[in-house]
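For reference, the structure is listed below as structure tokens.
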Number of protein chains: 2
Amino acid sequence: MAAVSVRDVAALAGVSLGTVSNVLNTPDRVSPATQKRVLDAIEKLGFVRNDAARQLRAGRSRSIGLVVLDIGNPFFTDLAEGAEDRAAEAGFALLLGNSHGTAARETRHLELFEEQRVRGMLISPVGEIEPQLARLRSRGIPSVLVDRSIADQSFSSVSVDDVAGGMLAVNHLLDVGRRRIAFVGGPTRIHQVSDRLEGASRAISAVTGATLEVLSTEALTVLEGRRIGAALVDRPPAVRPDAVFAANDLLATGLLQALTMLNGVRVPDDIALVGYDDIAFASTAVVALTSIRQPSALLGRTAVELLLAESEAAEGHEPRQVVFTPELVVRESTAP
Amino acid sequence: MAAVSVRDVAALAGVSLGTVSNVLNTPDRVSPATQKRVLDAIEKLGFVRNDAARQLRAGRSRSIGLVVLDIGNPFFTDLAEGAEDRAAEAGFALLLGNSHGTAARETRHLELFEEQRVRGMLISPVGEIEPQLARLRSRGIPSVLVDRSIADQSFSSVSVDDVAGGMLAVNHLLDVGRRRIAFVGGPTRIHQVSDRLEGASRAISAVTGATLEVLSTEALTVLEGRRIGAALVDRPPAVRPDAVFAANDLLATGLLQALTMLNGVRVPDDIALVGYDDIAFASTAVVALTSIRQPSALLGRTAVELLLAESEAAEGHEPRQVVFTPELVVRESTAP
DNA sequence: TACCACATTTAAAACGTTTCATAAAGCGCC
DNA sequence: GGCGCTTTATGAAACGTTTTAAATGTGGTA
């Protein structure tokens with residue numbers, strides 16, 4: 001019930017409280033004998049540092065804020081997991097904020113975390129947030145942007161190259177001999193969708209005789225995938241694509257359901273299929289799904305890394321943009 | 001760049017710093033005119049409370065620790081989301097810790113959070129953790145246990161009644177006229193599995209002529225579900241069950257794949273199927289899956305609620321055990 | 001006019017650390 | 001034996017709040 005402070009430890013060990021602090025922070029400066037006495041006292045009393053006091057004096061805390069668009073989205077869950085792991089390794093606590101995609105909540109979390117005087121913010125922004133982050137920076141709180149193509153290079157960021165991902169997917173389809181390829185995805189105002197399509201187009205352009213048909217969807221859902229899949233089954237085989245690149249795994253799953261259920265079309269024999277995100281279900285679909293994997297956890301770890309670097313560094317630290325390249329995971333749905 | 005403190009605000013507003021604090025905490029005590037001047041100054045300087053100092057003086061922080069077994073598990077993700085929402089509403093920050101099911105990491109997080117002097121811990125424990133929590137409690141840090149059948153009633157807890165869930169599932173199958181029911185799940189040392197089976201048994205016992213066959217699995221995975229499903233397809237129709245209750249949705253998904261793919265068995269006509277957890281994919285399976293939904297987010301919200309109550313209350317606060325009843329979500333896979 | 005009650009404001013102490021300047025002690029060397 | 005040097009330990013100040021007791025001002029009442 002009683003809070004144990006350095007003072008109590010000092011009293012029990014028969015030293016001054018400054019010495020206790022030295023044992024904790026700069027053990028080299030204190031003799032082995034004294035050190036032992038102090039450590040014994042700490043052990044005996046079960047002393048645990050009060051980070052608030054530490055932070056107050058030191059001016060810097062040992063926590064990091066993470067604000068994500070939607071913690072329910074596996075991408076962000078994995079990212080949070082990676083960030084938390086790295087933070088814990090460095091002895092930092094991770095404050096989690098879920099903005100649910102709304103600017104108001106995002107701002108609320110930034111305020112809450114600023115009150116906590118976090119070492120810095122990791123944020124996947126909803127809207128225009130640069131002004132807020134600039135203000136925080138002027139207060140000595142750095143930020144790292146997550147998963148966004150940033151015009152403003154004045155902040156550090158981590159992201160994944162969706163154009164490269166699109167190329168990866170379509171190049172793979174071309175490699176396994178497909179030429180009439182369809183892209184399924186939308187709406188294109190989602191920049192991930194347009195980037196993946198852009199990558200697909202580039203890959204197609206490099207190969208003569210290869211064509212790309214774009215089938216637009218209203219959303220990136222299983223249902224939309226099923227709808228497009230049913231439409232493909234209805235087509236005469238001659239005008240069907242021989243491969244489909246879906247903008248995410250949900251669409252791909254829906255496509256797969258429609259194609260295999262209706263039994264007119266075999267995957268991969270008639271139509272090869274590539275998804276995107278490599279969600280847990282991709283590998284356990286009726287036909288295991290080839291997909292593009294994003295290194296989400298690594299993104300989180302790296303974001304923490306950049307943040308700590310920026311926080312340690314002197315004033316004029318150069319922000320860094322780290323762009324990861326996604327990875328192709330080949331499974332049955334495109335097996336030759 | 002300079003940190004703005006109450007002192008600066010006081011100077012600009014031409015009042016003492018005690019008055020600034022009063023404006024922030026007990027506005028009734030300060031005249032409207034002064035209040036306005038102070039608020040203007042706060043606005044102008046962009047003053048943000050330093051929670052470390054606040055906490056140091058007040059002895060209590062404005063953050064809550066959450067340690068989960070596996071943040072990648074949708075159940076815990078939803079729970080964390082609910083907890084975070086509720087915490088944010090109350091002006092609290094949520095510290096997230098992922099124990100990955102290992103006791104060492106769990107302990108590490110508890111230490112880290114204790115250093116932060118969190119208001120309390122929310123924890124889904126890995127192993128025997130009562131001693132650690134008892135120690136924390138003696139230090140004035142309460143805990144709420146999450147999702148566990150606790151022998152020790154001395155801690156508050158939130159959990160879901162898996163026995164009730166099992167009954168719910170099987171009663172539904174009985175309601176739609178099925179009598180030869182199979183339970184698919186395992187290993188039974190997982191208490192969720194044994195509880196759900198227990199519920200299933202009870203429901204069966206209440207109806208004469210109903211039988212329950214138990215098909216054991218090594219793990220709760222899609223693959224295992226597919227294995228059992230294939231075995232069922234191989235049986236002569238006469239000795240097949242007319243309904244299956246799977247211990248979770250992954251198993252159910254595997255079962256569904258095997259049953260519908262091999263085309264010998266129709267769902268729900270020949271075999272009705274109920275899963276458990278109501279994961280996102282349940283509703284978009286080839287045959288939309290009837291499942292048992294756990295109120296994960298509500299669990300998280302409630303856990304925060306209990307924690308705050310305990311933290312506000314006087315010394316001898318009675319711990320509370322809240323047990324939620326899961327909910328049946330009927331879809332195609334059992335449609336009459 | 002003198003006094004009191006009340007509303008408002010102030011000044012100072014306290015929270016538990018870290019840090020810094022300084023003191024004490026031990027030691028080798030001339 | 002005194003000197004400087006290094007190692008080790010100390011005490012006090014400081015971080016930014018909240019809180020408490022005391023001070024100040026205002027108006028009403030005797």
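Given the structure is predicted, the values throughout are model-derived calculations rather than measurements. Chain letters run A, B, ... following the sequence lines, proteins first and then strands; every chain starts at 1.
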Stretch residues 25-34 of chain B: residues that reach within less than 4.0 Å of DNA chain C through a heavy atom: B:R29, B:V30, B:S31, B:T34

Would you say A:T26's side chain and A:V23's backbone share a donor-acceptor pair under 3.5 angstrom? no

OG-CG distance between B:S311 and B:L306, expressed to the nearest 0.5 angstrom: 12.0 Å

Report the nucleotide, chosen from D:dT17, D:dA9, D:dA12, that has the shortest atom-to-atom distance to any side-chain atom of B:A53. D:dT17

Can you pull the contact range of chain A along DNA chain C, 5' to 3', using atoms under 4.0 angstrom from its heavy atoms? C:dG16 to C:dT19

Test: B:R137 cationic atom under 6.0 Å from B:F155 six-membered ring centre, within 45° of axis: yes

Check this for me, if you would: do B:R293 and B:D78 make a salt bridge, where the nitrogen-to-carboxylate-oxygen distance has to be below 4.0 angstrom? no

Using a cut-off of under 3.5 Å, enumerate the N/O to N/O pairs linking the protein to nucleotides 26-28 of chain D.
none

For B:G82, is there any backbone N or O sitting under 3.5 Å from a side-chain donor or acceptor partner on B:D85? no

Got a salt bridge between B:R54 and A:E115, using NZ or NE/NH1/NH2 to carboxylate O under 4.0 Å? no

For B:V15 and for A:A58, find the nucleotide of DNA chain C with the closest heavy atom, then tell me which residue's nucleotide is more 5'. B:V15

Please determine whether any donor N or O and acceptor N or O are separated by less than 3.5 Å between the side chain of B:R54 and the base of D:dT17. no

